[in-house]
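Quick note: numbers below take in every heavy atom, side chains included, and nothing from hydrogens, waters or symmetry partners. In what follows, chains are A, B, ... by sequence order, proteins preceding strands, each numbered from 1.
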2 protein chains.
Amino acid sequence: MAAKGDKGGGDLARGMDLLWGTADRPSRGPKPSMSVERITGTAIEIADAEGLAAVSMQRIAAAFGFTTMSLYRYVPSKAELVALMIDTAIGDRPDLESVPGGWRDRLADWARQCLRLFVRHRWLIEATGGHRIMGPNELGWLDAALAVLADAGFPPVEQHDAFLLLNGHVRSVAQNMTGADRLRVDEWSAALGERLRRHGDRYPALVAAMRGGGYSQPAAEPLEFGLRCLLDGLEKLLAEAPGTPPGR
Amino acid sequence: MAAKGDKGGGDLARGMDLLWGTADRPSRGPKPSMSVERITGTAIEIADAEGLAAVSMQRIAAAFGFTTMSLYRYVPSKAELVALMIDTAIGDRPDLESVPGGWRDRLADWARQCLRLFVRHRWLIEATGGHRIMGPNELGWLDAALAVLADAGFPPVEQHDAFLLLNGHVRSVAQNMTGADRLRVDEWSAALGERLRRHGDRYPALVAAMRGGGYSQPAAEPLEFGLRCLLDGLEKLLAEAPGTPPGR
DNA sequence: CGAAAACTGTTTATGCCGCACACTGTTTTG
DNA sequence: CAAAACAGTGTGCGGCATAAACAGTTTTCG
């Protein structure tokens, strides 16, 4: 009943079963040559190497030596496959309990590990745009961060807001980093400089910042800078809160 | 020489000319029935109403009663058209000088206006993912924020970092907001609750936060919350800086 | 034991998409 | 008045996700 019982959900439920591993394997027909895991893994490899746009059903099937349509015996649609790719690439939740220091250090560690993920799988930012239904691993990362925030003494609503803030910052940094090497940095700043030379009077602050060296290096440590600001802000919020003592 | 002289840039240069209005209109042939502006405007209308995915060359041309290929007389590629859509939708830079208060209020105003933009044109977040070559209006918004930051006393490198931080937060909030109505909120939390009921033991902090009401409302004021944290952090940074006096 | 059911992988086809290319017809310039 | 430059069209290519019908294989049940 768990696997097939509630058919009302339709494709939503089927995809969920894949994500959560709730599937009873059939016993009737021939043995499958592939598997959801292997398909997902191959898709991730393609995306890592050539970007998300290179991941097509044909491309994946060709890597196995099968036809395009054979994949649909394992995965209901490409959207579901991408969801599987996401949750697989995200992997197990980070272990923050063993991080030395206070809640700031743990959150910083969460952010750094998250960023590493986005760098290893550059397509993740693109794939996780928008409000999706989260997979088990994604929920794990959320839970890990919420646990730290709760422990620090933030009330539930602020836990939510703070997570969104932290996650947003990491995503933002990742987006800039990964975008920066798809378009060469020097090419980018060359194009910018060219236009500024012609229209510099329209952008005085930008010109001044460039002259001051603000854009010579590709943003020193954007993650750490924002992290510091952000954690400082959260700490101040905590200090000004009425009467919630630090959790433990 | 300005318009066509440097042909080395290829498609990059041609698209730039469109963005910056550097184009000498031809005089030889028949009068064009459409214009880049009208095409861009129609494309934006479609995107506003039906999302970025609904914007296809066929769809746009059909809105004019012309064939698909006719559009390529005005725009070199769809990518360029999207770039035009972006810069047109962004529009003129915000006027922050008339905002009463200090640099915090001005930056907050920048963020709110930026968010309004992302809400009005939901496709903007999707379209502006990645590190692109910025158009004139986009540069204008950047310049406006940098001016405030410079005036507040931040050195160039930190202006850059702070802008990235602020922009990232707005984008993050926008992404969550706009994603939230494409997938109905109640449907989303229903799916989440269903899984938590089954696997709640794996996500103790999430369950606790939900019980505490952290997810009953769809994140009270995510922009303002993060804005406050972020500005507090920046202010602290400024206060701890060695010897830079506040600009004005 | 044999038929039916369940399952795997293939073939074929549909309707999108961006876009290259060759074509016709129009307007201006020399 | 011819040549050049341009506007819009029609055709076609390669790629995409995926629906539907199909053949072959393995298990289950009467």
Where the side chain of A:S77 is defined as all heavy atoms beyond and including C-beta, which of D:dT25, D:dT18, D:dT27 is the nearest nucleotide?
-> D:dT18

Testing C:dA20, D:dT25, D:dA7 for proximity to the side chain of B:M69, the answer is C:dA20

Under 4.0 Å between a side-chain N or O of A:S27 and OP1 or OP2 of D:dT28?
-> yes

Between A:N167 and A:C114 the two heavy atoms that sit nearest each other are OD1-SG, 4.5 Å

Quick one: which of C:dT28, D:dT9, D:dA17 gets closest to the side chain of B:R73?
-> D:dT9

Please report the closest heavy-atom contact between B:P222 and A:D161, naming both atoms and the distance.
-> CA-OD1, 4.1 Å

If a stem is a run of at least 3 consecutive Watson-Crick or G-U pairs, both distances under 3.5 Å, which stems include DNA chain D?
-> C:1-30 with D:1-30

Name the residue closer to the 5' end of DNA chain C, choosing between A:M34 and B:S56 according to the nucleotide with the nearest heavy atom.
-> A:M34

Would you mind telling me which of C:dC19, C:dG9, D:dA17 lies closest to the side-chain atoms of A:S70?
-> C:dG9

Judged by nearest nucleotide, the residue sitting upstream toward the 5' end of DNA chain D, B:R28 or B:Y74, is B:R28

What nucleotide among C:dT8, C:dC19, D:dA7 has an atom nearest to a side-chain atom of B:Y72?
-> C:dC19

May I ask you to say what B:T68 touches in the nucleic acid, namely base, sugar-phosphate or nothing, with a heavy-atom cut-off under 4.0 Å?
-> nothing

Among D:dC6, C:dG18, C:dT8, the one nearest any side-chain atom of A:P26 is C:dT8

